Amino acid sequence: MGVTELGKLIPPEVRKQVELKNLSGKIIAIDAYNALYQFLASIRQPDGTPLMDSKGRITSHLSGLFYRTINLLEEEIWPVYVFDGKTPEMKLLEIARRKKQREEALEKWMKALERGDKEEARKYAKRALFLTNEMVEDAKRLLTLMGVPWVQAPAEGEAQAAYMTRKGDTWAAGSQDYDALLFGSPRLVRNLAITGRRKLPGREEYVEVKPEIIELEAVLKALRLKDRSQLIDLAILLGTDYNPDGVPGIGPQKALKLIHEFGCLEKMLNTVLKNVQWPVDPLKIKEYFLNPPVTDDYKIEFRDPDDKGIIEFLCNEHDFSRDRVLRGIDRLKKALAKRRKARLDAFF
DNA sequence: CCATGGCA
DNA sequence: TGCCATGGG
């Protein structure tokens with residue numbers, strides 16, 4: 001979920017809409033959990049049932065990861081998937097809350113199915129999803145077999161992605177959420193998908209969705225903030241994963257006004273915010289965004305795919321179509337060979 | 001979300 | 001070639 005309210009404050013002119021072609025040659029640190037959740041939510045039958053193998057194990061995340069990664073590589077966009085590590089203590093409340101929401105959605109999904117209401121069923125099925133350890137391990141295994149790098153973050157994946165981008169090892173963080181900006185990523189890419197059409201929640205309508213680039217500096221400038229620290233303060237007022245409700249009664253506009261007026265959260269705590277009950281010390285949240293756990297223990301290296309391994313894993317273990325997977329592997333190899341050649345040429 | 005095949 | 005409907009596992 002992340003800092004959804006913050007999105008409302010980011011104006012269109014800061015969201016640079018681009019074509020995939022414009023991202024060619026870039027290495028992007030993709031928030032793996034974010035991507036996997038999206039696949040899990042969207043790769044479903046009309047009644048909400050996810051893709052499953054013959055043993056009943058969900059495979060939607062593998063299908064999405066396999067094909068999207070190949071698509072990106074064909075566009076010469078180089079993904080590095082960053083996986084979440086240990087959940088920060090501060091987030092446990094939010095995790096528990098999401099779990100409860102999922103359980104409620106699961107019940108509604110089942111009831112809608114009984115009624116035969118596919119539309120409702122699908123809606124709740126999306127909310128009932130959750131990522132298991134097995135799914136995460138599956139995803140890592142598939143990436144390794146494909147020769148695509150992935151990084152194990154010590155804690156929040158978006159913090160690690162931000163760190164790698166700050167160092168210049170990656171060009172941007174890739175996620176639908178805005179948290180990477182709070183963690184200091186100079187650049188965020190959203191909507192990193194191939195098919196540019198997305199169904200609107202309400203009706204049978206579709207909108208064109210293009211990848212968008214959001215630069216931290218541009219956000220600060222547009223909101224007239226002096227640094228990232230103020231952006232973090234703003235986010236804390238609105239609600240983050242560590243204080244999901246934000247400050248009751250304070251919406252985007254009022255929050256921004258307060259930051260401009262007081263300059264920082266510290267100066268509000270004993271004044272305008274003195275009666276606010278915080279689930280977590282807000283200054284602790286701020287410190288976390290400023291200095292999250294990250295690691296230098298990673299390598300961004302693309303390897304030759306293991307064809308046999310991919311076939312064994314996807315086709316034999318998870319019942320993917322052999323034809324489709326073989327075509328995928330073929331495209332994958334060509335794309336990676338192209339990178340190899342381009343790098344060799346650059347060397348000489 | 002993505003691949004695929006049919007149809008204009 | 002582009003658009004749409006359908007199935008993927």
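Predicted model, so just to flag it, every value in this text is computed and none were measured. Just so we're on the same page: letters track the sequence lines, and every chain starts at 1. In what follows, every heavy atom counts, from backbone to side chain, and hydrogens, waters and symmetry copies are set aside.
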Cation-pi, A:Phe83 ring and A:Lys140 (6.0 angstrom, 45 degrees): yes

Distance to the ring centre below 6.0 angstrom and angle to the axis at most 45 degrees; does that hold for A:Arg339 and A:Trp78? yes

Decide if the gap between the ring center of A:Tyr37 and the ring center of A:Phe130 is smaller than 6.0 angstrom.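 No, the ring centres sit 6.0 Å or more apart.
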
Aromatic contact between A:Tyr242 and A:Tyr288, with the criterion being ring centroids under 6.0 Å apart: yes or no? yes

Report the distance from atom [atom1] of [X] to atom [atom2] of [N], rounded to the nearest whole Å.
X	N	atom1	atom2	result
A:Leu326	B:dA3	CG	P	15 Å
A:Leu72	B:dC2	CG	P	8 Å
A:Leu192	B:dC2	CG	C1'	14 Å
A:Leu332	B:dC2	CG	P	16 Å
A:Leu36	B:dC1	CG	P	15 Å
A:Leu73	B:dC2	CG	C1'	15 Å
A:Arg327	C:dG8	CZ	C1'	13 Å
A:Asn191	B:dC1	CG	P	9 Å

Phosphate contact (B:dA3 OP1 or OP2) by A:Arg68 side-chain N/O below 4.0 Å: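 No, because none of the side-chain N or O atoms of A:Arg68 sits under 4.0 Å from OP1 or OP2 of B:dA3.
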
May I ask you to verify if any side-chain N or O of A:Asn71 is less than 4.0 angstrom from the OP1 or OP2 atom of B:dA3? yes

Say whether, by atom type as modelled, one donor and one acceptor occur between the side chain of A:Arg228 and the main chain of A:Phe289 under 3.5 angstrom.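 Here the side-chain-to-backbone pair exists.
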
Using a cut-off of strictly less than 4.0 Å between a heavy atom of the residue and any atom of DNA chain C, enumerate the qualifying residues of residues 52-63 of chain A by number.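 By residue number: A:Met52, A:Thr59, A:Ser63.
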
Contact list please: residues 39-50 of chain A against DNA chain C, heavy atoms, distance less than 4.0 Å, in numerical order. A:Ile43, A:Arg44, A:Gln45, A:Pro50

Looking at [Y] and [X], is there a salt bridge between them, counting it only when a charged N and a carboxylate O are closer than 4.0 Å?
X	Y	answer
A:Asp117	A:Lys111	no
A:Lys167	A:Asp296	yes
A:Glu119	A:Lys123	no

A:Ala172: partners by side-chain contact (heavy atoms from CB on, under 4.5 Å), with sequence neighbours left out: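 Per chain and number, A:Ala172 pairs via side-chain contact (heavy atoms from CB on, under 4.5 Å) with A:Arg187, A:Val189.
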
